[in-house]
There are 2 protein chains.
Amino acid sequence: MIDMTRTFAALSDPTRLSLVEYLMRQGEQPAGALSELTDISAPAVSRHLKVLREAGVIGQRVAGTHRYYSVNPEAMRAIASWTMDHKAFWAGSLERLDGLLAIDPEGEE
Amino acid sequence: MIDMTRTFAALSDPTRLSLVEYLMRQGEQPAGALSELTDISAPAVSRHLKVLREAGVIGQRVAGTHRYYSVNPEAMRAIASWTMDHKAFWAGSLERLDGLLAIDPEGEE
DNA sequence: CCTTTATTTCACACAACCGTTAATTAAAGA
DNA sequence: TCTTTAATTAACGGTTGTGTGAAATAAAGG
């Protein structure tokens, strides 16, 4: 079971949010590539990756001395679902949501 | 513009997440009702509400001595959108998302 | 095997977060 | 207007989070 407070906490740091967004754009990346993205030290990045991993936001693949990280789609799904799991709230709001979340990976662009 | 790290930080505390979930279920509520939900003191709840408000997660309506709080739908929309704003990621993942977020406020239940 | 490369863990310092009780603000009601 | 009620702000202490440089681990390569 996904702990949403932990998921949100993992994404509440600017460095970590950037790392996740980068991984979503670029796909799986080794720790070194992620470390080069930021101004902070490699040990600091390493610990951020650990926080994200322990929260289930990213996964790790080991190959030799390299550790490849990638975003866990299930975590993203859990976040989107959390916002949607309150039908009464959305029904009560003035917002019209139809189509708002009509995602279409294969689609236009 | 919504600062996502701030939004996620606001939701990263168990007490605050509970408050938001309660407000989504129950709709607008005065601070007193929210305070009764938790074991912690009223001042502590008050500060949690402030954090949520400053992050834009909830809004406040003042009436006499009462302050009524309610969830800001725009904040929920922003969270769901953040997860969806990475089509390449979703397209690359194995997850099939069609219908997953098919919300239907008027619908079944 | 010795060195280099990739990455993490350790030890420490400083800032931010969260809870408490006491004090303050301000509207309502007798 | 004095008191009660609703809620917040203030002041303090303890815990957690985040950064750094140094040390450790472990696979690769000469």
Side-chain angles (χ1 to χ4, degrees), chain A residues 2-23 26-72 75 79, chain B residues 3-23 26-72 75:
Chain A
I2 290 179
D3 176 348
M4 291 311 294
T5 62
R6 204 165 203 204
T7 301
F8 288 135
L11 299 172
S12 70
D13 177 86
T15 299
R16 287 196 296 266
L17 192 69
S18 295
L19 291 171
V20 171
E21 289 174 340
Y22 183 75
L23 286 174
Q26 303 299 127
E28 189 184 59
Q29 296 289 325
L34 298 172
S35 193
E36 287 171 12
L37 280 182
T38 75
D39 294 336
I40 66 178
S41 65
V45 171
S46 181
R47 200 167 40 202
H48 280 306
L49 291 170
K50 187 178 185 179
V51 170
L52 288 167
R53 190 160 44 81
E54 289 180 346
V57 174
I58 63 176
Q60 188 190 53
R61 180 171 67 86
V62 178
T65 65
H66 296 256
R67 278 87 205 269
Y68 292 92
Y69 291 95
S70 57
V71 173
N72 178 9
I79 294 168
Chain B
D3 176 349
M4 292 310 295
T5 62
R6 206 166 203 204
T7 301
F8 289 135
L11 298 173
S12 70
D13 176 87
T15 299
R16 287 196 295 266
L17 192 70
S18 295
L19 290 171
V20 170
E21 289 174 340
Y22 182 75
L23 286 173
Q26 302 298 127
E28 190 183 59
Q29 296 288 326
L34 298 172
S35 193
E36 288 172 11
L37 281 183
T38 75
D39 293 337
I40 66 178
S41 66
V45 172
S46 181
R47 202 169 37 203
H48 281 306
L49 292 170
K50 187 178 185 179
V51 170
L52 288 167
R53 188 158 47 79
E54 288 179 346
V57 175
I58 63 176
Q60 190 191 52
R61 181 172 66 86
V62 178
T65 64
H66 295 257
R67 280 86 203 271
Y68 292 92
Y69 291 95
S70 57
V71 173
N72 178 10

With sequence neighbours excluded, tell me which residues meet side-chain contact (heavy atoms from CB on, under 4.5 Å) with [X].
X	result
A75(A)	N72(A)
P14(A)	T5(B)
R53(B)	K50(B), I58(B), Q60(B), Y69(B)
S41(B)	P43(B), A44(B)

Suppose the criterion is salt bridge (Lys or Arg N to Asp or Glu O under 4.0 Å): which pairs have a residue in residues 35-48 of chain A, not counting sequence neighbours?
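Qualifying pairs: none.
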Residues in side-chain hydrogen bond (donor to acceptor under 3.5 Å, both in side chains) with R61(B), at least two apart?
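Partners of R61(B) by the side-chain hydrogen bond (donor to acceptor under 3.5 Å, both in side chains) criterion, ordered by chain and then number, come out as E28(B).
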Partners meeting side-chain hydrogen bond (donor to acceptor under 3.5 Å, both in side chains) with E21(A) (sequence neighbours left out)
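E21(A) satisfies side-chain hydrogen bond (donor to acceptor under 3.5 Å, both in side chains) with W82(B) once adjacent residues are dropped.
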Rounded to the nearest angstrom, tell me the gap between atom NZ in K50(A) and atom C1' in dA6(C).
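Taking atom C1' of dA6(C) as the reference, NZ of K50(A) is at 17 Å.
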Walking along DNA chain D from 5' to 3', note the first and the last nucleotide with an atom under 4.0 Å from a heavy atom of chain A, and give both.
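Boundary nucleotides touching chain A, in 5' to 3' order, are dT18(D) to dA28(D).
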Between [Y] and [X], is there a side-chain heavy-atom distance shorter than 4.5 Å?
X	Y	answer
L37(B)	V45(B)	no
H48(B)	T38(B)	no
L11(A)	I79(A)	yes

Mind listing the residues from residues 51-67 of chain A sitting with a heavy atom below 4.0 Å of DNA chain C? Number order is fine.
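By residue number: Q60(A), T65(A), H66(A), R67(A).
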Heteroatom pairs (N/O) under 3.5 angstrom, protein to nucleotides 19-21 of chain C:
| from | atom 1 | to | atom 2 | distance (Å) |
| --- | --- | --- | --- | --- |
| dG19(C) | OP2 | H48(B) | NE2 | 2.6 |
| dG19(C) | N7 | R47(B) | NH2 | 2.5 |
| dT20(C) | OP2 | S41(B) | N | 2.9 |
| dT20(C) | OP2 | S41(B) | OG | 2.8 |

What contact category does Y68(A) fall into here, base, sugar-phosphate, or nothing, at under 4.0 angstrom with non-hydrogen atoms?
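No contact.
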